[in-house]
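Written below as structure tokens is the structure these notes are about.
Only this structure's heavy atoms are used, side chains among them; waters, hydrogens and symmetry mates stay out. Bear in mind the structure is a predicted one, so any value in this text is a computation, not a measurement. Convention: sequence-line order gives letters A, B, ...; per-chain numbering from 1.
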Amino acid sequence: MTKKILLTLVLFWVFVFPVAATSVKNDLMIDDAWIRLGPSIVKVYAGYFTIINKSPNESFQLLGVESDLFEKVEMHNTSIIDGMMRMEHLRHVDIPPNAKVEFSTSGKHLMMINKKKPIQEGDVIPVTLLFSHNQSVDISMPVRR
Amino acid sequence: MSELARKGLFSVVLIVVGVGLIVFGLSSRELEPLKMPEHLKGVIVESPAMELPEFSLIDYNGKAFTNADLNGRWTVAFFGYTNCPDFCPTSLGVMDKVSQKFDFPEDTLFLFATVDPARDTPEKLKEYLSFFSEEIVGLSGDKSQIDIIAEPLGVIYDYEGDVASDDYIVNHFGAVYLFDPKGRLRTHILAPHEVERLGEALMLSINYYD
């Protein structure tokens with residue numbers, strides 16, 4: 001009986017964990033990752049997530065983002081200044097110790113440019129986040145509206 | 001002057017003064033600022049009733065769209081472009097929810113006008129908008145025609161990146177504009193947009209100017 005439970009737990013860990021919304025690597029945790037579904041004619045998508053740095057003293061920088069499904073992925077910030085929508089290309093994003101940095105609608109977001117194949121609601125897109133200190137974190141980003 | 005004539009003159013003066021007061025009352029109502037709750041101050045921007053210069057755009061069904069199409073109904077309009085991955089989809093989603101949730105006068109027209117007509121053909125707008133809403137009508141056309149309405153409305157926009165190679169983004173003013181049934185701009189509502197706030201701001205303006 002105990003063995004069965006253990007086996008179930010292991011299977012759960014192996015099969016469920018990789019597609020769960022949360023990814024952890026050492027002190028960095030990525031949560032609430034998703035890609036906004038767009039009309040089929042659109043080639044540019046927006047991606048969002050929350051980065052949590054659990055280290056009490058180490059700061060990180062998000063330096064880049066990669067995905068095989070897009071020609072390139074950039075980090076952008078939508079800023080609304082005096083009613084004007086501007087997109088600022090971010091070269092890096094600082095993740096201070098013990099801090100949470102959100103990529104969310106009408107704020108920081110991934111600009112995922114030129115999809116290489118059709119994307120549908122429910123697809124899960126593998127994406128790699130490249131951090132300072134040679135850290136990289138693989139995440140799965142579900143596509144939804 | 002006979003008693004009768006004096007009475008007649010007095011009546012005429014009364015009528016003239018009365019009519020004058022009514023006309024003054026009606027016209028001064030226009031000047032009275034819209035009373036808005038604290039949380040909508042700095043969100044709704046009133047403007048003097050402004051008619052748009054003559055323009056000729058193309059709607060997403062390929063039909064001409066001119067000043068005449070604004071007559072006889074309220075119009076809610078937003079400017080953007082289809083290659084905009086973050087702000088425009090968010091705002092269009094909000095506008096669609098607002099159109100369904102709030103009690104707009106019948107025939108109220110919801111518009112999305114592109115500031116990137118080189119890429120946003122009417123066909124592309126049709127496909128793009130049908131993803132977000134059944135309500136919102138797309139407008140495209142010559143850039144010069146779009147500028148005819150964008151300029152007086154203060155819809156500033158600029159292209160950033162390589163326009164020739166298609167790799168560019170468009171920075172643009174993100175307000176939602178409200179036109180009365182005579183096609184006159186009445187208010188605009190500043191970004192960012194949220195369902196409750198945008199809906200309340202539009203309904204408040206419509207009820208005031210109706």
Side-chain angles (χ1 to χ4, degrees), chain A residues 32-49 65 67 69-91 93 102-115 118-123 125 127 141 143-145, chain B residues 42-45 78-94 96-97 112 115-116 119-121 123-133 138 153-161 165-177 188-194:
Chain A
D32 297 330
W34 65 288
I35 291 171
R36 182 204 291 276
L37 180 69
S40 56
I41 49 158
V42 162
K43 288 191 244 165
V44 181
Y45 285 67
Y48 309 99
F49 46 65
V65 181
S67 171
L69 256 86
F70 292 90
E71 247 170 50
K72 59 177 173 176
V73 182
E74 293 177 351
M75 297 181 284
H76 282 234
N77 185 34
T78 302
S79 57
I80 305 171
I81 299 164
D82 295 332
M84 182 86 177
M85 315 305 316
R86 287 207 165 272
M87 291 253 283
E88 183 194 357
H89 187 171
L90 305 170
R91 304 294 161 184
V93 173
E102 274 183 40
F103 280 57
S104 58
T105 54
S106 298
K108 285 192 199 69
H109 59 276
L110 298 183
M111 182 148 161
M112 313 178 90
I113 300 163
N114 293 344
K115 64 182 173 190
I119 291 175
Q120 282 163 2
E121 191 163 14
D123 286 355
I125 315 279
V127 170
M141 301 184 73
V143 178
R144 58 178 164 90
R145 277 172 189 263
Chain B
V43 174
I44 303 180
V45 183
F78 171 68
F79 292 75
Y81 69 114
T82 67
N83 264 44
C84 160
D86 181 50
F87 176 72
C88 300
T90 306
S91 303
L92 284 171
V94 167
D96 179 57
K97 285 199 186 79
F112 175 78
V115 284
D116 187 16
R119 290 190 292 193
D120 293 343
T121 58
E123 303 78 46
K124 196 172 171 190
L125 278 176
K126 179 89 181 179
E127 207 174 331
Y128 180 78
L129 288 170
S130 63
F131 178 85
F132 295 101
S133 170
L153 293 175
V155 181
I156 319 156
Y157 66 95
D158 58 65
Y159 300 150
E160 193 178 318
S165 79
D166 212 37
D167 185 10
Y168 62 96
I169 54 174
V170 185
N171 298 308
H172 60 98
F173 201 63
V176 168
Y177 295 84
H188 65 269
I189 289 109
L190 295 175
H193 304 299
E194 290 157 21

**Option among B:V155, B:L190, B:I156 that satisfies the side chain to side chain contact (heavy atoms under 4.5 Å, CB included) test with A:M84** = B:I156
**Fill in**
The reported gap from CD in B:E123 to CD1 in A:I41 (rounded to nearest 0.5 angstrom) is 10.0 Å
**Asked** Can you say whether A:V42 sits under 4.5 Å from chain B via the side chain, the backbone, both, or neither, judging by heavy atoms?
**Response** side chain
**Message:** If we define contacts as heavy-atom pairs under 4.5 Å, which of B:L129, B:D158, B:V170 has the most with chain A?
**Reply:** B:D158
**Message:** Rounded at 0.5 Å granularity, tell me how far CE in A:M87 sits from OH in B:Y168.
**Reply:** 13.0 Å
**Message:** With a 4.5 angstrom heavy-atom cut-off, is it the side chain or the backbone of A:K108 that approaches chain B, or both, or neither?
**Reply:** neither
**Request:** Show your working on side-chain contact (heavy atoms from CB on, under 4.5 Å) between A:K72 and B:D167 and close with a plain yes or no.
**Result:** CA-CA 12 Å; A:K72 59 177 173 176; B:D167 185 10; 3.5 Å; yes
**Which portion of A:R36 sits near chain B, non-hydrogen atoms under 4.5 angstrom** = side chain
**Request:** Sort B:Y157 into side chain, backbone, both or neither according to what part of it lies under 4.5 angstrom from a heavy atom of chain A.
**Result:** backbone
**Message:** Is it true that, when you exclude B:K126 itself, more than 12 heavy atoms of the residues, nucleotides or ligands shown sit nearer than 6.0 Å to its NZ?
**Reply:** yes
**Asked** Where does A:L37 contact chain B at under 4.5 Å (heavy atoms): side chain, backbone, both or neither?
**Response** both
**Complete:** Those residues at least two apart in sequence (or on a different chain) that pass ring pair (Phe, Tyr, Trp, His ring centres under 6.0 Å) with B:Y81 are B:H172
**Item:** Minimum-distance pair of heavy atoms, taken over all atoms of A:R86 and B:E160
**Value:** NH1-OE1, 4.4 Å
**Fill in**
Nearest heavy-atom approach of B:Y128 to A:P39 is CD1-CG, 3.5 Å
**Item:** Minimum heavy-atom distance between A:A46 and B:P85, given as atom pair plus value
**Value:** CB-O, 3.5 Å
**Request:** Give the member of A:K43, A:H89, A:H76, A:M111 that has the highest number of heavy-atom pairs under 4.5 Å with chain B.
**Result:** A:M111
**Prompt:** Can you tell which of A:T105, A:I113, A:N114 has the highest number of heavy-atom pairs within less than 4.5 Å of chain B?
**Reply:** A:T105
**Side chains of A:S106 and B:F87 in contact at under 4.5 Å (non-hydrogen atoms)** = yes
**Complete:** Minimal heavy-atom distance between A:T78 and B:D86, with the atoms involved, is OG1-OD2, 2.7 Å
